[in-house]
Student: 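One structure follows; several queries about it will come next.
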Number of protein chains: 2
Amino acid sequence: MNNGRFPISMHILTLLASAKGELLSSDYIAGSININPVLVRKEISNLRNHGLIESKEGKNGGATLAKSAEKIQLSEVYHAVQQAALLGNSKNEPNPDCPVGKQIKQHLDHLYVEIEGALLRKLEKTTLADFLGQFE
Amino acid sequence: MNNGRFPISMHILTLLASAKGELLSSDYIAGSININPVLVRKEISNLRNHGLIESKEGKNGGATLAKSAEKIQLSEVYHAVQQAALLGNSKNEPNPDCPVGKQIKQHLDHLYVEIEGALLRKLEKTTLADFLGQFE
DNA sequence: TCATTCTGTAATTGTCTTTATTACAGTACA
DNA sequence: TGTACTGTAATAAAGACAATTACAGAATGA
């Protein structure tokens, strides 16, 4: 994959899970992650679109989990942030006149489906509550 | 992960496997992938350092597999190109004064070890020969 | 009502990473 | 000894990612 969106979303969700229903502001969350609050609000927006978070505007607003941490599988977090192929795709189109170049994208995609499946089965087994439980 | 190095290395190795011992030049390979030949030579250099490829300088030089495609596991390719955490790490240090920020890196790393293990077990089961066998 | 404190989002800029390009020394072959 | 390659460094261009600025709109409570 690519960027730091998975760890950022995990950080947000872990904070919300530890807050037990209390609303947390994007400024507070940004202070814990040490990134810009606007980026936090963008990730919150994304997680909300995927049904993991609820948020409230206005004074004393903030974000909270949309369902209990026990019911949030880490595979849902992965799906929420995943945008590029797991092990990357070459930017340019391979040469269609080459027997290998012509077909490689299709076969790489197939490989990616398999390994991503293995990864997802792991992530499905772990809930946000499990993850939070490791903290002391 | 990050960039397009895994698909590029797979493309190189697949071409070499299909060439059956014949030396292929970086220009030819670059033409199939549709990238710059210097980038191909860099990847070849990396794959050579990991024992997957041999190359020969000078006229009629080029690259070839260092061992048979049956003996190259795709996990070896992954290890050769892998440099960043599978699902990314946040660039900035989290706030050490926050109970979550203080520990999250450690717990994310632990999670990454698990899911990367699942991924590697899949890649170990597939050889370069298996991958090439899918081509018609 | 209205100042205050938040979210939501767009637009811009800055920074970092990746890829392309240029250049050239060195090697092998015919 | 010219030609066709690799190997590698240095630089430039392009693209991706994150930070910042700006501001409209929503909820609260004095």
Side-chain angles (χ1 to χ4, degrees), chain A residues 1-9 11-12 15-16 19 22-50 52-66 81-85 87-94, chain B residues 1-9 11-12 15-16 19 22-50 53-64 66 81-85 87-94:
Chain A
M1 195 185 290
N2 24 9
N3 41 4
R5 286 185 58 204
F6 181 82
I8 287 173
S9 284
H11 199 139
I12 293 172
L15 284 171
L16 296 182
E22 194 187 337
L23 293 176
L24 299 184
S25 75
S26 61
D27 260 42
Y28 175 82
I29 296 172
S32 172
I33 310 182
N34 192 19
I35 59 171
N36 194 281
V38 175
L39 192 53
V40 172
R41 296 207 279 273
K42 271 186 193 160
E43 282 309 318
I44 284 175
S45 166
N46 178 56
L47 292 168
R48 189 178 55 239
N49 291 337
H50 285 83
L52 299 177
I53 276 183
E54 284 169 1
S55 59
K56 190 186 161 194
E57 291 184 47
K59 195 170 179 179
N60 301 326
T64 188
L65 293 183
V81 302
Q82 196 257 5
Q83 46 188 2
L87 298 186
N89 270 132
S90 56
K91 216 187 58 175
N92 304 336
E93 283 298 312
Chain B
M1 195 185 288
N2 24 12
N3 40 7
R5 287 185 58 204
F6 181 81
I8 287 174
S9 284
H11 198 138
I12 293 172
L15 284 170
L16 297 183
E22 194 187 336
L23 293 176
L24 298 185
S25 75
S26 61
D27 259 44
Y28 175 82
I29 296 172
S32 171
I33 309 182
N34 193 21
I35 60 173
N36 194 282
V38 174
L39 192 53
V40 171
R41 296 206 279 271
K42 273 186 191 159
E43 283 309 317
I44 283 176
S45 167
N46 179 56
L47 293 168
R48 188 179 55 237
N49 291 338
H50 285 82
I53 277 182
E54 285 171 359
S55 59
K56 190 186 161 196
E57 293 184 46
K59 192 169 182 178
N60 302 326
T64 187
V81 301
Q82 197 256 5
Q83 45 189 2
L87 298 186
N89 271 130
S90 57
K91 216 185 60 176
N92 304 335
E93 282 300 311

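A, B, ... follow the sequence lines: proteins, then strands. Residue 1 opens every chain. Values below: all heavy atoms of this structure, side chains included; hydrogens, waters and symmetry mates excluded.
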Student: Tell me every residue that passes side chain to side chain contact (heavy atoms under 4.5 Å, CB included) with N34(B), counting only those two or more places apart in sequence or in another chain.
Tutor: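 Per chain and number, N34(B) pairs via side chain to side chain contact (heavy atoms under 4.5 Å, CB included) with N92(A).
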
Student: Whole angstroms only, please: what is the CD-C1' distance between E54(B) and dT27(C)?
Tutor: 17 Å

Student: Nucleotide by nucleotide, 5' to 3', does protein get under 4.0 Å of the base (B), only the sugar-phosphate (S), or neither (-) in nucleotides 9-15 of chain C, counting heavy atoms?
Tutor: BB-----

Student: Measure from CG on N92(B) to P on dA18(D) and round the result to the nearest Å.
Tutor: 9 Å

Student: Stepwise, does the side-chain hydrogen bond (donor to acceptor under 3.5 Å, both in side chains) test hold for S32(B) with H11(B)?
Tutor: CA-CA 9 Å; S32(B) 171; H11(B) 198 138; 2.8 Å; yes

Student: Could you tell me whether the side chain of N89(A) and the main chain of A85(A) form a donor-acceptor pair under 3.5 Å?
Tutor: no

Student: Identify all pairs in which a protein N or O lies below 3.5 Å from an N or O of nucleotides 28-30 of chain D, and state each distance.
Tutor:
residue: dT28(D); atom: OP1; partner: K56(A); partner atom: NZ; Å: 2.5

Student: Any side-chain to backbone donor/acceptor pair from E54(B) onto K56(B)? Under 3.5 Å, distance only.
Tutor: no

Student: Using the test side chain to side chain contact (heavy atoms under 4.5 Å, CB included), find all partners of N36(B) that sit at least two apart in sequence or belong to another chain.
Tutor: V38(B)

Student: Under a 4.5 Å cut-off applied to non-hydrogen side-chain atoms, are V40(A) and I12(A) in contact?
Tutor: yes

Student: Mind checking what makes salt bridge (charged side-chain N to carboxylate O under 4.0 Å, His left out) contact with R5(B), not counting sequence neighbours?
Tutor: E43(B)

Student: How many whole angstroms separate atom CG of N89(B) from atom P of dC16(C)?
Tutor: 18 Å

Student: Say you draw a straight line from CD1 of I29(B) to CZ of R41(B); how long is it, rounded to the nearest 0.5 Å?
Tutor: 10.5 Å

Student: Which residues in residues 24-36 of chain B have at least one heavy atom lying under 4.0 Å from any atom of DNA chain D?
Tutor: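 Under 4.0 Å from DNA chain D: S25(B), S26(B).
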
Student: Starting at atom CD of E43(B), determine the distance to atom P of dT18(C), rounded to an integer number of angstrom.
Tutor: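 Taking atom P of dT18(C) as the reference, CD of E43(B) is at 12 Å.
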
Student: Specify the separation, in whole Å, of atom CZ of R5(B) and atom P of dA16(D).
Tutor: 19 Å

